[in-house]
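In what follows, chains are A, B, ... by sequence order, proteins preceding strands, each numbered from 1.
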There are 4 protein chains.
Amino acid sequence: MPEPGGGIAALRTELTVLHQTLVECGLVAWTAGNVSARAGDDAFLIKPSGVPYERLTPDAMVLCDLEGKPADGTELKPSSDVFAHAYVYRHRPDVGGVVHTHSAYATAWAARGEPIPCVLTAMADEFGGEIPVGPFALIGGDDIGRGIVETLGGHRSPAVLMRNHGVFTIGADARAAVKAAVMCEDVARTVHLSRQLGEPRPMDAGDIDRLYDRYQNAYGQRGRP
Amino acid sequence: MPEPGGGIAALRTELTVLHQTLVECGLVAWTAGNVSARAGDDAFLIKPSGVPYERLTPDAMVLCDLEGKPADGTELKPSSDVFAHAYVYRHRPDVGGVVHTHSAYATAWAARGEPIPCVLTAMADEFGGEIPVGPFALIGGDDIGRGIVETLGGHRSPAVLMRNHGVFTIGADARAAVKAAVMCEDVARTVHLSRQLGEPRPMDAGDIDRLYDRYQNAYGQRGRP
Amino acid sequence: MPEPGGGIAALRTELTVLHQTLVECGLVAWTAGNVSARAGDDAFLIKPSGVPYERLTPDAMVLCDLEGKPADGTELKPSSDVFAHAYVYRHRPDVGGVVHTHSAYATAWAARGEPIPCVLTAMADEFGGEIPVGPFALIGGDDIGRGIVETLGGHRSPAVLMRNHGVFTIGADARAAVKAAVMCEDVARTVHLSRQLGEPRPMDAGDIDRLYDRYQNAYGQRGRP
Amino acid sequence: MPEPGGGIAALRTELTVLHQTLVECGLVAWTAGNVSARAGDDAFLIKPSGVPYERLTPDAMVLCDLEGKPADGTELKPSSDVFAHAYVYRHRPDVGGVVHTHSAYATAWAARGEPIPCVLTAMADEFGGEIPVGPFALIGGDDIGRGIVETLGGHRSPAVLMRNHGVFTIGADARAAVKAAVMCEDVARTVHLSRQLGEPRPMDAGDIDRLYDRYQNAYGQRGRP
């Protein structure tokens with residue numbers, strides 16, 4: 001975890017480690033997934049495009065402005081998802097980290113355009129309800145970013161399933177967004193498995209609220225998940 | 001394994017290793033699972049809340065009394081499941097270890113509120129019958145612990161599927177409870193797969209009894225599984 | 001691989017490595033699986049009962065006669081499956097290695113009592129047809145061994161699915177039996193997946209024969225798979 | 001990656017690493033999968049037959065002419081799939097690498113003889129449409145190679161599902177063919193999972209074209225995926 005005030009060098013290292021976490025958690029194949037982290041008021045760091053995870057180094061992370069334009073003198077091109085990340089940082093000042101994956105179970109729900117119903121206490125804890133579906137959108141402009149922001153605006157969930165595409169998650173920092181991506185795949189898988197042999201029992205809306213409130217405020221050390 | 005008489009330091013080390021076993025066996029995502037071990041007559045050790053598995057150390061394990069209250073001077077908060085563990089230790093003097101996970105296949109059964117039928121010899125060996133379902137209960141008080149104890153009271157199974165939540169297992173020591181958690185996920189998966197393409201053949205109740213008796217008494221070195 | 005003439009010490013080492021292969025290939029949970037190897041005319045080596053795979057050493061392997069009785073002075077008890085292995089060695093002089101697992105996909109077929117149909121060229125290569133189902137049998141006497149020998153007598157397959165139990169495989173040596181166990185789980189999984197969304201296309205019996213003949217005689221270096 | 005002009009020694013090393021990638025990505029069991037790379041105008045390198053992946057060395061790779069005949073003095077026999085690889089190199093001068101696997105999800109589609117529909121943006125990116133099915137063909141002559149070339153001639157996909165058999169992929173070099181094999185299994189799995197609980201939403205043909213064009217031309221560093 002970057003030290004408060006550790007600055008951009010610490011953030012580059014943190015981002016490198018978090019990409020490794022995506023690999024270890026089985027969320028990505030080949031080069032198809034990326035993490036970004038807000039860096040100061042008007043910039044963020046993101047994975048370079050098409051670079052294998054095992055060759056990522058802190059220096060390879062690309063610094064971009066909030067329009068997705070790389071800083072002068074940058075050698076590597078940013079992830080082709082850079083404009084979606086940029087849109088989120090521009091419109092959600094509370095967001096410090098964004099993750100994108102095509103993790104298999106979550107993407108299977110996304111391909112059907114079906115939200116994941118909240119039928120697990122762990123899902124109530126982290127997502128506070130269902131994981132919603134965002135629109136189909138082509139890469140390269142503001143469409144994906146707008147779809148993310150508009151969809152998440154109506155939910156407590158930090159994860160959104162983009163139709164026929166994959167998952168985007170947000171967090172107060174990059175580590176929280178990675179945690180949401182890991183938990184999203186975990187619950188996508190468990191609810192998928194449960195549905196294969198019948199119907200999971202619905203949870204009471206009041207219980208979901210109580211679980212969400214407790215987890216967001218009391219879990220972990222010093223109230224931080 | 002802790003030496004007999006190795007005391008609490010050995011138990012802290014054992015507990016650290018067993019959390020690593022949960023990770024290696026694929027039973028936990030992020031920080032969502034915990035192991036505890038009875039420590040003397042009126043205390044137990046448990047994982048701290050929200051600490052990543054790779055940072056757990058023997059010293060980080062939290063010593064609590066049987067009401068779930070951490071010992072004086074403890075820095076880290078215990079797992080938020082501490083009260084469920086405490087309830088089990090208070091009401092089951094034969095139990096020396098408790099494990100909680102959200103392992104995917106077992107939790108898929110739990111989400112449907114459906115017990116896992118005993119259709120495998122390995123299941124008869126370890127569980128002596130079906131793996132039962134306990135009630136839905138909110139975290140933070142005695143409800144989960146009471147649900148565990150009341151449900152397991154009527155079964156030979158050391159594992160219970162808590163509705164819409166996950167798995168709790170018990171054992172004579174922490175290692176035995178971890179074994180039960182590993183075997184629970186293994187049979188939850190195999191029976192799930194079998195059910196996907198038809199119906200597993202039921203087993204004769206007498207055969208289940210014979211297998212259970214032999215395994216509990218003759219398996220392993222010196223009769224200890 | 002043991003050197004020809006390397007004797008029993010080499011065989012103990014080989015057996016230790018092969019148990020590790022079972023773990024790496026995901027075929028076993030906890031201590032539930034074992035490999036044995038014929039050692040001379042009237043004995044075989046087998047895993048000790050209930051010992052975790054990571055603690056297995058060459059010296060821990062138990063030397064037994066063909067009735068399953070450990071050699072004088074042996075400290076560790078042999079696997080509780082020892083009598084099934086012994087029966088196979090007594091009745092199949094061509095067999096030099098036996099493996100037993102509860103690998104998940106194969107055991108899912110076994111729990112339904114359903115043979116795995118030969119619908120893959122890789123299955124024709126290794127198994128020469130379907131993987132058959134043997135009877136339900138209790139552990140501890142000759143019943144399991146007899147079920148294995150009688151079932152495999154009518155098939156080219158080196159693997160048999162024992163009802164509600166798991167898989168036994170045989171081979172000219174222990175390594176060939178482990179290969180059969182790995183391939184059995186691999187095809188059990190692939191055919192399972194294929195069946196989940198429809199019906200795999202049947203293969204022509206003549207094609208199965210041609211594939212089996214070629215693979216058994218021409219594959220690998222010096223004709224040895 | 002081999003240095004341009006690094007010659008055949010660099011290619012042998014690259015091929016050794018790429019076989020390790022197949023193992024790490026879970027695409028192969030035991031010895032059942034192989035990679036080849038064009039070496040100059042009239043030759044290619046391929047895995048030796050039946051050699052375990054962990055024992056592969058650069059020197060073990062077998063140099064063959066475009067009829068699949070090993071160079072004079074070669075000790076090890078080439079993969080029994082050598083004639084399929086050779087046929088592809090003879091008829092597709094644009095191909096620099098070929099991969100064959102029995103990866104489970106893709107082979108499950110192949111066993112049903114069912115193409116994988118293009119319902120994911122990642123699939124449009126890499127495959128430009130569905131992944132097609134080729135004919136059933138026996139090993140050992142030109143039939144498999146001809147089936148691959150004829151089927152891929154009508155598609156943008158670098159992957160083909162050979163009926164009741166497995167996957168072949170092609171690429172400008174061996175690394176690109178391995179990438180196609182990894183992505184083929186990834187999308188085979190995701191679409192399989194999606195179909196298990198309903199129907200994935202179809203994608204618009206124009207959107208597939210736009211995604212394919214962008215990915216082939218703009219993704220990665222210097223336009224190279």
Between [X] and chain B, with a heavy-atom cut-off of 4.5 Å, which part of the residue counts as in contact: side chain, backbone, both or neither?
X	result
M123(A)	neither
V182(A)	side chain
Q196(A)	side chain
L211(A)	side chain
R201(A)	both

Once you round to the nearest 0.5 Å, how far does [atom1] of [X] lie from [atom2] of [Y]?
X	Y	atom1	atom2	value
M162(B)	T121(A)	CE	OG1	10.0 Å
H102(B)	T190(A)	NE2	OG1	9.5 Å
M203(A)	R163(B)	CE	CZ	12.5 Å
I139(B)	R214(A)	CD1	CZ	4.0 Å
W30(B)	D186(A)	CH2	CG	12.0 Å

key: Where H192(B) and L193(A) come nearest, the two heavy atoms and their spacing   = CE1-O, 3.1 Å

Minimum heavy-atom distance S194(A)-R112(B), with the two atoms named = O-NH1, 2.9 Å

key: All side-chain contact (heavy atoms from CB on, under 4.5 Å) counterparts of S103(A), not counting sequence neighbours   = L27(A), T101(A), A106(A), V167(A), E185(A)

inquiry  = Heavy-atom cut-off 4.5 Å, strictly under: side chain, backbone, both or neither for P52(B) against chain A?
reply    = side chain

query = Of the backbone (N, CA, C, O) and the side chain (C-beta and beyond), which part of S79(B) lies under 4.5 Å from a heavy atom of chain A, both, or neither?
reply = neither

inquiry  = For D204(A) and F136(B): C-alpha separation, side-chain torsions, deciding distance, then whether side-chain contact (heavy atoms from CB on, under 4.5 Å) applies.
reply    = CA-CA 11 Å; D204(A) 180 81; F136(B) 179 82; over 6 Å; no

key: More than 12 heavy atoms from other groups under 6.0 Å of CD on E54(B)   = yes

Hey, can you pull the donor-acceptor pairs under 3.5 Å for the side chains in residues 145-154 of chain B, sequence neighbours left out?
residue	atom	partner	partner atom	Å
R146(B)	NH1	D143(B)	OD1	3.3
T151(B)	OG1	G147(B)	O	2.6

query = Of the listed residues (V119(A), D125(A), T21(A)), which shares the most heavy-atom pairs with chain B below a 4.5 Å separation?
reply = V119(A)

